[in-house]
Amino acid sequence: VQLVESGGGLVQPGGSLRLSCAASRITFSLYRLSWVRQAPGKGLEWVSGISSDGSRAYYADSVKARFTISRDNAKNTLYLQMNSLKPEDTAVYYCAATTRYECYSGPSCRRSEYNYWGQGTQVTVSS
């Protein structure tokens with residue numbers, strides 16, 4: 001199983017980025033998915049999660065109204081549209097797959113509790 005994130009980079013405050021997570025060797029549509037980030041010197045922070053059919057989405061308060069999670073099950077791809085980026089959004093962003101409700105609907109799970117985890121993509125917000 002592979003989860004491969006892409007789309008990170010350097011962006012100015014107020015800018016936008018769209019992250020993607022391409023999955024292979026996995027029955028993608030069966031899994032709930034999350035984006036989790038880790039800022040320099042800090043622990044993991046759950047950012048957003050989406051149900052297996054894409055009908056429900058959840059967001060951390062810190063990104064609500066700025067980030068939008070979506071998925072395309074036909075393409076086995078998860079997305080995170082990030083707008084109005086702030087320096088505090090600087091982090092490595094990971095996508096993670098889970099069968100557990102609590103792991104995609106909020107910050108309740110440790111990394112080991114997810115079924116699969118990507119290698120991460122760096123997002124840097126700086127002027």
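We number each residue from 1, following the sequence as shown.
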What are the two closest non-hydrogen atoms of [X] and [Y], and how far apart are they?
X    : Y    : result
S52  : N73  : O-ND2, 3.0 Å
R100 : R32  : C-NH1, 3.5 Å
T99  : N115 : N-OD1, 3.0 Å
T121 : G7   : OG1-N, 4.2 Å
C103 : S34  : O-OG, 3.1 Å
Y114 : C109 : CE1-CB, 4.0 Å

Are [X] and [Y] close enough that some pair of their side-chain heavy atoms sits under 4.5 Å apart?
X    : Y    : value
L80  : R18  : no
P87  : P13  : yes
V123 : L19  : yes
L17  : L85  : yes
M82  : V63  : no
E102 : E113 : no

>> We want to know whether S62 and E88 form a side-chain donor-acceptor pair, criterion being a heavy-atom distance below 3.5 angstrom.
In response: no
> Would you say the side chains of N83 and S16 form a donor-acceptor pair under 3.5 Å?
Replying inline: yes
> Could R111 and Y94 be counted as a cation-pi pair, given that NZ or CZ must be under 6.0 Å from the ring centre and within 45° of the axis?
Replying inline: yes
> Hey, does the Lys NZ or Arg CZ of R71 hover above the aromatic six-ring of F28, less than 6.0 Å from the centre and inside 45° of the axis?
Replying inline: yes
Given 3.5 Å as the limit, does a donor-acceptor pair link the side chain of [X] with the main chain of [Y], or not?
X    : Y    : result
W35  : Y79  : yes
Q38  : G43  : no
T90  : T124 : no
S127 : Q12  : no
S112 : R110 : no
E45  : V36  : no

> With under 30° as parallel and over 60° as perpendicular, where do the rings of F67 and Y93 fit, or are they tilted in between?
Replying inline: tilted
> Is D61 salt-bridged to K64, cutoff N-O under 4.0 Å?
Replying inline: yes
>> For residues W117 and Y101: do they belong to one hydrophobic cluster (side chain heavy atoms under 4.5 Å, members Ile, Leu, Val, Met, Phe, Trp, Tyr)?
In response: yes
>> Does L10 form a side-chain contact (heavy atoms from CB on, under 4.5 Å) with S126? I'd like the steps, not just the answer.
In response: CA-CA 7 Å; L10 174 65; S126 175; 4.2 Å; yes
> How about Y31 and Y104: are their ring centres within less than 6.0 Å of each other?
Replying inline: no
